[in-house]
Amino acid sequence: MLNAFKYAHLTTKIRAMQGKMLKDEDFVNLLRMQSVKEIANYLKNNTYYKQNFEEMDNQDIHRGQLEIMLNRALIHDALKIAKFLKGKEKSIYRFVYRKQEIEDLKKMLRALHMGKPLDKIDRKTLFISHHSNIDFNTALKANTIRELIDTLEDTNFYPILSPLLIEDNKINLFAAEMALDLYYYNQVHDQIHKKISGKDYEIMHMSFGLDADFRNMMWIYRSKQFYNLRKEIIYSYIIPNGHKLKKQDIIKLVEADTGQEVLRLLKAGPYGEIVDFDSGHWDNSFNKYYGNKQLRQMRLLPFTIAPIIGYIFIKEIEILNLTTIIEGVRYKVDPKKVETYLARQSKGVGNYD
């Protein structure tokens, strides 16, 4: 009864937000677009994304700008929901901000790694707010990776990144990004374990556990198939607290001798009927499953945390679908082929001629 009272108003608001999300007709129309500008015009004039175009001139918009706008739309919705949260739910919900903060940090590291000055980064692409632990006013003045990391001295990012420095402007970028991702998932799990209980705990653990499983499967397979990494390195970047993959499953995968052996184990494992491991797009089938799982929980468990986190996850998938369409237009891929890459229940897009 207390949960029903606590979540009722927010659940109603999230349902209204969910009702504005893109429909099948929108995806049909977007798949027919011939340019990024056409996609931007459609989103601005026909969908709920129009509010996110207020500060963007789409007359000469390019792919990067449009993708930035879509990611900012996710943060905009997250902040809108956060206004209605209190106590432990608000604390847990900060996983949205932490994730964006880490992506911003990766973006700055990559720029400096490639010799690009940080003052050229569009500040509108960064999650600059009082929620962030990063002092962007100081960080964006850094000329080297060492200077950037020094600006993080009072944050949890400093002990993660400083040991990976090679020279003033060189870092093991791969290790840095993996370490930041691992930190993020460990932090989320720690918050869930400390502050959430009952049905809400089950929902959060399942949601992040599924995500961890998928990332671990991709990481182990690629490590074996393309990089021939040592087992101890693979183990060091395994995200803990998965959902379907148990400890013994992870051990079998890491101890496999080849990528093909990993693939055989995955097909016989708990995701064998869920993920199309024979395709080059595992994320497509996984995100379809994951999105349907979130939608089902949002529908069946309205007076829990399910609608709150579920909306963010399905919004992320919608943005992934839009990004896929944008890439398809950019590289002139057949729309029918692009449609097969979308993580949604397809009803067919018809004729494009």
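In what follows, every heavy atom counts, from backbone to side chain, and hydrogens, waters and symmetry copies are set aside. Residue numbers start at 1 and run along the sequence shown.
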Distance-only donor-acceptor hits, side chain of residues 191-198, under 3.5 Å, sequence neighbours excluded:
{"residue": "Gln191", "atom": "OE1", "partner": "Ser91", "partner atom": "OG", "Å": "3.2"}
{"residue": "Gln191", "atom": "OE1", "partner": "Lys195", "partner atom": "NZ", "Å": "3.3"}
{"residue": "Lys194", "atom": "NZ", "partner": "Asp190", "partner atom": "OD2", "Å": "3.3"}
{"residue": "Lys195", "atom": "NZ", "partner": "Ser91", "partner atom": "OG", "Å": "2.7"}

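Comment: Arg32 does not engage Glu38 in a salt bridge, judged by the lack of any side-chain N to carboxylate O separation of less than 4.0 angstrom. Between Lys315 and Asp77 there is a salt bridge, since at least one side-chain N of the basic residue sits less than 4.0 Å from a carboxylate O of the acidic one.
By the criterion of side-chain heavy atoms lying less than 4.5 angstrom apart, applied directly or through intervening Ile, Leu, Val, Met, Phe, Trp or Tyr residues, Ile305 is grouped together with Tyr97 in one hydrophobic cluster. Tracing side-chain contacts under 4.5 Å through hydrophobic residues (I, L, V, M, F, W, Y), one never reaches Leu148 starting from Met114; they form parts of separate clusters. Ile145 and Ile166 are assigned to two separate hydrophobic clusters, defined by single-linkage of ILVMFWY side chains at heavy-atom distances under 4.5 Å. Note on Leu320: it does not cluster hydrophobically with Tyr49, by side-chain heavy-atom contacts below 4.5 Å among ILVMFWY residues. In the hydrophobic clustering of this structure, Leu265 groups with Phe226; members are Ile, Leu, Val, Met, Phe, Trp, Tyr whose side-chain heavy atoms approach within less than 4.5 Å, directly or through other members.
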Item to complete: Show your working on ring-ring contact (aromatic ring centres under 6.0 Å, His included) between Tyr183 and Phe157 and close with a plain yes or no.
Response: CA-CA 9 Å; Tyr183 165 76; Phe157 299 128; 5.6 Å; yes
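With Asp181 as the fixed residue, the side chain to side chain donor-acceptor pair (under 3.5 Å) test singles out one of Arg215, Lys106, Lys99: Lys106. Partner of Trp282 under the ring-ring contact (aromatic ring centres under 6.0 Å, His included) criterion, out of Tyr221, Phe214, Trp219: Tyr221 alone.
Looking at Asn321 and Tyr341, their side chains never bring a donor and an acceptor atom within 3.5 Å of each other. Under 3.5 Å, the side chains of Glu101 and Ser132 contain a donor-acceptor pair of N or O atoms. For the residue pair Asn241/His189, the side-chain donor-acceptor check at 3.5 Å is satisfied. Under the 3.5 Å distance criterion, with hydrogens and angles disregarded, no donor-acceptor pair is assigned to the side chains of Asn71 and Glu67. A donor-acceptor contact closer than 3.5 angstrom is absent between the side chains of Tyr289 and Gln294. Side chain to side chain, Glu316 and Tyr311 fail the donor-acceptor criterion of an N or O pair below 3.5 Å.
Less than 6.0 angstrom separates the ring centroid of Phe313 from the ring centroid of Phe208. Note: Phe95 and Tyr184 fail the aromatic proximity criterion, with ring centroids not under 6.0 Å apart.
A donor-acceptor distance shorter than 3.5 angstrom exists from the side chain of Asp213 to the backbone of Lys244, with no hydrogens or angles considered. In this structure, the side chain of Gln297 does not engage the main chain of Gly310 through any donor-acceptor pair within 3.5 Å. No donor-acceptor pair under 3.5 Å is formed between the side chain of Asn46 and the backbone N or O of Leu43.
Counting heavy-atom neighbours within 6.0 Å of Arg296 CZ, excluding the residue itself, gives a total of 12 or less.
Considering CE of Met108 and CD1 of Ile121, their distance stands at 6.5 Å, rounded to 0.5 Å. With values rounded to the nearest 0.5 angstrom, Asn169 atom CG is found 10.0 Å from Arg146 atom CZ.
With contacts defined as side-chain heavy-atom distances shorter than 4.5 Å, the pair Ile308/Tyr7 qualifies. Side-chain atoms of Lys141 and Leu118, non-hydrogen and from C-beta on, never get closer than 4.5 Å to each other. Within the 4.5 Å cutoff, side-chain heavy atoms of Lys231 are placed close to those of Glu255.
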